[in-house]
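Note that the structure is a prediction, hence the values are computed from the model and not measured. Protein chains get the first letters and strands the later ones, always in sequence-line order, with residue 1 at the start of each.
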Amino acid sequence: MSADSNPAASPSPCQDIQGDGRWMTLHNRFVSDSKGKEPDVLFVGDSLVQLLHEFEVWRKLFSPLHALNFGVSGDATQHVLWRLINGELDYISPKVVVVWVGTNNHGNTPEQICGGIMAIVSVIHQKLPHAHTLVLGLLPRGKSPNPLRERNASVNALVQAEVASLSHVSFLDVDPGFIHSDGSILHQDMYDYLHLTQQAYQKVCQPLYERIKSLLDKQAP
Amino acid sequence: MSAEENPAAEPAPVIDVQGDGRWMSQHNRFVQECKDAEPDVLFVGDSMVQLMQQHEVWRELFSPLHALNFGVSGDTTCNVLWRLQNGELDNIRPKVVVLWVGTNNHEHTADQVAGGILAIAQLLLSRLPKAKIIVLGLLPRGEFPNPLREKNAAVNNLLRASLPRLGPVQFIDVGGNFVHSDGTISSRDMFDFLHLSAGAYRTMSTTLHELLLQLLEETPQERRASLV
């Protein structure tokens, strides 16, 4: 699927329809922040990445790894793609890039969303040929079974298959089992059935931390 | 401005366009909480309210006051009005209600937004005649000066003038210190130039908490030996 026929793989900035220019402000800040820093790990994605930075778990697990956080709430794959092409990777050389995006790609098929994620993987590889990209699986969402859970699960299966043959990319399913036997997700884990509570972030982040650490250890100093 | 003339005062649920029904799930959970809980304080509004509960400060300062949090990210005055009219005030008798909403009313003018907030305050007073209402002012937003800051400030000015006339309603502006002398807002206070960081929540919560203690003390009830 070419970028032209896949909107999820066609880099686009977010238009400022609200009037305070926050999306572009955040992008510009990420670019300028990156000029002074030498992160070993870069996290990029949507609100699940952005909000992670606001909780204690970031300070405890990821700050010590010299991690930067380029998450923007609401971003879909095409927005992250645009940001990475337009400066956010230009001044840094992280060893590991964690990509977590796709749940906001409303109206796109799983194939399109996978295509968007793979386009991101490709840009990262072009700009940072020595980095390892870790793609995180999309989490289930909604209180009860619904089409978006199926969509996200399909995306995960497609991405997992695509990266299997690539040595510089891996896929990690970070769902610790949020769906209970009755099909429900608890608000103690996702307070709005999409975003994670601190307790849920703990469950997601411990295995993520382990994986990142082992990737860092494998990389040449 | 009557409800017929003010779209911001027309109750409206959020329609599920994404496909996972999250808004209604949250509303239904809040309605259920009204059946199970006996809150002394009710917080209602948008993400500014909802996110507060995700930080330590909620557990430390507001849970001990028997507070419930009915915040929903993205809500406008219309959505909050609908929720309150459709079960989120049933079976509870909070002594104080904290209302924080309006920054997401992108389709409406400052006058309309203020009118929507007033309509919610009026609804609260009519359903909870013994309650006191605290309305929090809309915060400035965006890294640099922009029209939404002006709009939110205009809403606040209108509220400051008109809320006290309704009865036991107070307007509190917690946004005073966020804009620096160069006109910028720091990402240390608002990580995305809209939502508050844990530190900023802590700062504004101190003021709010003190006010809540005062209002709860004033209520003629049995002595609250377990307060804080």
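Of the atoms belonging to A:I17, not a single heavy atom falls under 4.5 Å from chain B. Neither the backbone nor the side chain of B:H195 comes within less than 4.5 Å of any heavy atom in chain A. In this structure, chain B has a heavy atom under 4.5 Å from the side chain of A:R29, while its backbone stays farther away. Interface remark: B:L194 contributes backbone and side-chain atoms alike to the contact with chain A (heavy atom separation under 4.5 Å). Using a 4.5 Å cut-off between heavy atoms, B:Q50 touches chain A through its side chain atoms alone.
In plain terms, the two heavy atoms of A:G19 and B:P147 that are nearest each other are O-CD, 3.5 Å. Shortest non-hydrogen contact noted between A:P147 and B:G19 is CD-O, 3.6 Å. Residues A:E54 and B:A198 come closest through the heavy atom pair O-CB, 4.4 Å. The shortest heavy-atom contact between A:T25 and B:F193 is CG2-CE1, 3.4 Å.
Atom-to-atom distance recorded for B:Q18:CD and A:N104:CG is 7.0 Å, nearest 0.5 angstrom. Between atom CG of residue B:D20 and atom OG1 of residue A:T103 there is a gap of 8.0 Å, rounded to the nearest 0.5 Å.
Chain B forms more heavy-atom pairs under 4.5 Å with one residue of A:K143, A:H187, A:Q50 than with any other, namely A:H187. When B:S25, B:G199, B:S197 are compared by the number of non-hydrogen pairs under 4.5 Å with chain A, B:S25 comes out ahead. Among B:V17, B:N146, B:V72, the residue making the largest number of heavy-atom pairs under 4.5 Å with chain A is B:N146.
Each of B:R141, B:R149, B:K151 was scored for a salt bridge (charged side-chain N to carboxylate O under 4.0 Å, His left out) with A:D20, with one residue passing: B:R141.
Counting heavy atoms from C-beta on, the side chains of A:E56 and B:E56 never come closer than 4.5 Å. Inter-residue side-chain proximity for A:Y193 and B:R29 is flagged as met; some heavy-atom pair is nearer than 4.5 Å.
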Legend entry - Worked check of side chain to side chain contact (heavy atoms under 4.5 Å, CB included) between B:R22 and A:M190: CA-CA 11 Å; B:R22 297 183 306 106; A:M190 295 186 187; over 6 Å; no
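Using modelled atom types, one side-chain atom of A:Q198 and one backbone atom of B:Q54 make a donor-acceptor pair closer than 3.5 Å.
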